[in-house]
Amino acid sequence: MRYTLPKTALLRKSAQYNAVYRQGKRIRGRHFSLIILANDQGFNRLGISVHGVKTAVRRNRFKRVVREFFRLNREFLPQGVDIVFAIRKDCILDSSQAVRDAVSVLLTQQGKGEK
RNA sequence: AAAAGUGGGCGCAUGAUCGCUGGCAUUCUUUGAGAUGUCAGAGGAAAGUCCGAACUCCGUAGGGGACAGUGGUUCAUAACGUGAACAGGGCGUGAGUCCGUGGAAAGUGCCACAGAAAAGAAACCGCCCGUUACUUUAGAGUGAUGGGUAAGGGUGAAAAGGUGGGGUAAAAGCCCACCGCCUUGCUGGUGACAGUAAAGGGCACGGUAAACCCCACUGGGAGCAAGACCAAAUAGGAAGGCGUUUGAGGGCGACCCGUCCAAGGCCUUCGGGUAGGUUGCUUGAGGUGAUACGCAAGUAUCAUCCUAGAGAAAUGAUCAUGGCCUGCAUUGCAGGUACAGGAUUCGGCUUAUAACCCACUUUUAUUG
RNA sequence: GCCCCUAUAGCUCAGUGGAUAGAGCAGUAGGUUCCUAACCUAUGUGCGCAAGUUCGAUUCUUGCUAGGGGCA
């Protein structure tokens with residue numbers, strides 16, 4: 001069951017997204033930003049927002065890559081949080097490994113900032 | 001063989017592992033946005049939203065006008081601004097291809113600059129005939145003025161039939177021949193239209209309607225975020241009940257008494273309805289094949305098939321094998337494999353699109 | 001998904017089918033000043049793209065492209 005990704009692990013409603021946007025903590029990166037908010041579900045939930053990408057094929061491509069990353073790297077992320085990927089229009093990431101590297105950079109930067 | 005034209009096809013394939021969505025079946029200590037199994041799961045343009053319809057709601061006596069759209073003819077179609085065939089015109093040696101292709105003798109407007117004149121034609125130069133003044137032997141010349149003239153000049157995108165002959169003071173369809181044009185007839189065609197050594201007209205009618213406009217035809221409005229059903233919370237509404245200084249309810253107060261506020265109160269029900277959920281939702285003017293009719297677009301009959309249904313929105317990732325293309329270069333290595341992703345559903349149009357394949361046709365060259 | 005609007009100079013905007021397309025700000029060069037600003041003079045730069053109608057198109061028609069807005 002480790003690598004499944006059911007719909008309960010996705011943010012589905014506008015209200016859920018708005019809660020994360022209002023109260024979450026933002027980490028700005030080069031190709032995308034992370035917005036993180038602790039939840040009371042006991043597991044992570046994922047939301048994806050792609051802005052400024054013209055064609056539906058490229059938009060869906062980003063969403064699939066990010067979902068694939070999220071599915072394969074559960075322990076890599078903080079636990080028990082809602083996390084939204086806000087992808088910018090100049091994003092060039094094309095594989096879950098590239099996303100993993102970028103997220104790793106962001107999280108270590110954030111850790112240093114807190115210390 | 002080369003260069004073209006037209007029409008059509010294909011739009012990488014197979015397997016393994018992990019994962020996603022839906023249908024069906026089974027299952028339950030957790031009845032869940034559950035689990036297991038099985039089947040299915042993006043396009044030729046799904047795109048742009050440029051047209052047309054289905055479907056849904058709202059509106060609606062009938063007629064006219066306004067407004068908008070369309071615009072050769074005949075068919076096709078549920079319908080269309082789409083398609084087919086044909087007609088007319090432009091382009092091309094050709095196969096072919098392109099065309100918003102009704103009306104300018106209903107009216108109004110516009111036609112810059114140039115030019116005498118740009119529209120009920122017109123006299124600037126020129127040509128011709130008079131009158132008159134001056135010069136002159138005369139013929140004639142110069143100036144002024146009255147007329148005739150559209151042959152010639154030059155301008156322009158465009159200047160009111162063309163060529164030749166006759167004719168005249170000079171000219172002119174003024175007259176004649178041929179060509180062109182218009183009207184009427186005849187013939188062919190369903191028709192647009194075409195033909196005509198038929199008759200008549202001397203020729204009138206510049207262009208522009210993707211300027212206003214006229215004519216013919218078509219059009220009620222909104223759109224699945226349509227619409228239908230269920231329905232938290234909050235505010236307000238309606239009805240009924242309680243209560244009316246015999247005090248419901250609330251404040252002060254630990255509580256009682258007391259005191260203060262008090263119909264703008266409390267309770268129940270109903271209706272509408274937000275978040276949210278369910279539905280609309282995929283069997284349809286459907287696909288494929290055969291036969292018949294039709295030049296064709298297409299239509300009819302029979303057989304056969306069922307082929308996505310999400311909702312912050314599923315079809316992805318990794319690996320392997322093999323196609324195809326390119327490069328290196330020799331039988332391996334490297335790189336590439338387009339445009340692009342359903343959102344109520346259909347019919348079209350338009351736009352994007354790597355590489356490859358097929359059929360027919362044309363022109364040129366060579367050979368037979 | 002549906003429905004609208006816009007595109008003119010580096011920026012903000014004008015512009016009856018007809019001239020070398022205009023105004024303000026900005027830019028460049030020169031003048032003025034001891035120097036700078038202000039001021040004066042001169043000067044460059046454009047009609048989103050492609051077809052069509054017309055003698056002629058920024059303007060009219062069609063198709064694209066880009067941007068913006070509305071419908072809960």
Side-chain angles (χ1 to χ4, degrees):
Chain A
M1 295 308 106
R2 184 186 152 196
Y3 296 117
T4 60
L5 186 67
K7 277 194 170 180
T8 47
L10 297 174
L11 296 179
R12 302 296 297 261
K13 294 298 167 192
S14 187
Q16 295 172 341
Y17 274 89
N18 284 335
V20 175
Y21 286 145
R22 274 200 305 274
Q23 303 166 26
K25 186 166 61 181
R26 291 171 183 267
I27 306 174
R28 304 179 68 82
R30 205 161 84 79
H31 299 303
F32 56 87
S33 294
L34 298 178
I35 303 132
I36 299 176
L37 177 67
N39 63 23
D40 54 358
Q41 302 290 315
F43 52 85
N44 286 358
R45 290 190 300 183
L46 175 67
I48 305 169
S49 168
V50 185
H51 186 74
V53 178
K54 297 281 178 178
T55 65
V57 169
R58 296 195 60 216
R59 279 198 301 276
N60 289 341
R61 175 74 189 164
F62 287 133
K63 290 182 181 180
R64 285 163 180 162
V65 166
V66 171
R67 269 206 309 274
E68 188 73 7
F69 154 78
F70 184 80
R71 184 171 72 85
L72 297 173
N73 298 278
R74 285 287 175 77
E75 300 88 0
F76 182 75
L77 293 166
Q79 295 300 301
V81 297
D82 292 337
I83 179 164
V84 173
F85 282 74
I87 294 172
R88 280 196 257 289
K89 64 181 173 185
D90 56 349
C91 184
I92 54 167
L93 299 176
D94 203 32
S95 70
S96 64
Q97 188 60 41
V99 174
R100 191 183 201 277
D101 295 341
V103 172
S104 172
V105 168
L106 285 187
L107 289 178
T108 52
Q109 278 178 355
Q110 183 69 12
K112 286 175 189 170
E114 284 180 351
K115 284 169 191 171

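As the structure is a computational prediction, the values presented were derived from the model and not from experiment. Chain letters run A, B, ... following the sequence lines, proteins first and then strands; every chain starts at 1.
When Watson-Crick and G-U wobble pairs are counted only if both distances are under 3.5 Å, A68(B) pairs with U218(B). Of all nucleotides present, only G143(B) satisfies the Watson-Crick or G-U wobble test against U132(B), with each distance under 3.5 Å. Base pairing of A292(B): its partner is U299(B), meeting the Watson-Crick or G-U wobble criterion (both donor-acceptor distances under 3.5 Å). Base pairing annotation: A7(C) forms a Watson-Crick or G-U wobble pair with U65(C), both donor-acceptor distances under 3.5 Å. Using Watson-Crick or G-U wobble geometry with both donor-acceptor distances under 3.5 Å, U307(B) finds no partner in any strand shown. Across every strand in view, U208(B) sits in a pair with G109(B) that passes the Watson-Crick or G-U test at under 3.5 angstrom. With both pairing distances under 3.5 Å, A313(B) is matched to nothing as a Watson-Crick or G-U wobble pair. Using Watson-Crick or G-U wobble geometry with both donor-acceptor distances under 3.5 Å, U54(C) finds no partner in any strand shown.
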With B for base contact, S for sugar-phosphate-only contact and - for none (protein heavy atoms under 4.0 Å), nucleotides 314-319 of chain B reads SSBS--
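One interatomic measurement links the two molecules: CG of Asn73(A) to P of G19(B), which rounds to 15 Å at whole-angstrom precision. Leu10(A) places its CG atom 16 Å from the P atom of A310(B), with the value rounded to the nearest Å. Note: CD1 (Ile83(A)) to C1' (A312(B)) measures 16 Å, nearest angstrom. The nearest whole Å value for the distance from the CZ atom in Phe69(A) to the P atom in G19(B) is 18 Å. Atoms OH (Tyr17(A)) and C1' (A313(B)) sit 11 Å apart, rounded to a whole Å. If you measure from atom CG of Leu46(A) to atom C1' of G19(B), you get 14 Å, rounded to the nearest angstrom.
Side-chain contact between Arg71(A) and Leu46(A) is absent, with no heavy atoms from C-beta onward closer than 4.5 Å. In this structure the side chain of Phe70(A) never reaches within 4.5 angstrom of the side chain of Arg45(A), judged on heavy atoms. Counting heavy atoms from C-beta outward, Val103(A) and Phe32(A) have side chains that approach closer than 4.5 Å.
In this structure, A158(B) is classed as anti because its glycosidic torsion departs from zero by more than 90°. The glycosidic torsion of U282(B) lies within 90° of 0, which places this base in the syn conformation. Base orientation of U344(B): anti, the glycosidic angle falling outside 90° of 0.
Closest non-hydrogen pair, Tyr17(A) versus Ile48(A), comes out as OH-N, 3.2 Å.
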Report the C-alpha separation of Arg67(A) and Leu10(A) in whole Å, then their side-chain angles, then the decisive distance to 0.1 Å, and conclude whether the side chain to side chain contact (heavy atoms under 4.5 Å, CB included) test is met.
CA-CA 9 Å; Arg67(A) 269 206 309 274; Leu10(A) 297 174; 4.3 Å; yes
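Under the 4.5 Å side-chain heavy-atom criterion for Ile, Leu, Val, Met, Phe, Trp and Tyr, Ile27(A) and Leu37(A) are members of distinct hydrophobic clusters. Using a 4.5 Å cut-off between side-chain heavy atoms of Ile, Leu, Val, Met, Phe, Trp and Tyr, with links allowed through other members, Ile36(A) and Val20(A) fall into different hydrophobic clusters.
In this structure, CD1 in Ile35(A) is found 12.5 Å from NZ in Lys25(A), a value given to the nearest 0.5 Å.
When each of Arg59(A) and Tyr21(A) is assigned the nucleotide of RNA chain B with its nearest heavy atom, Tyr21(A) is the one assigned upstream, toward the 5' end.
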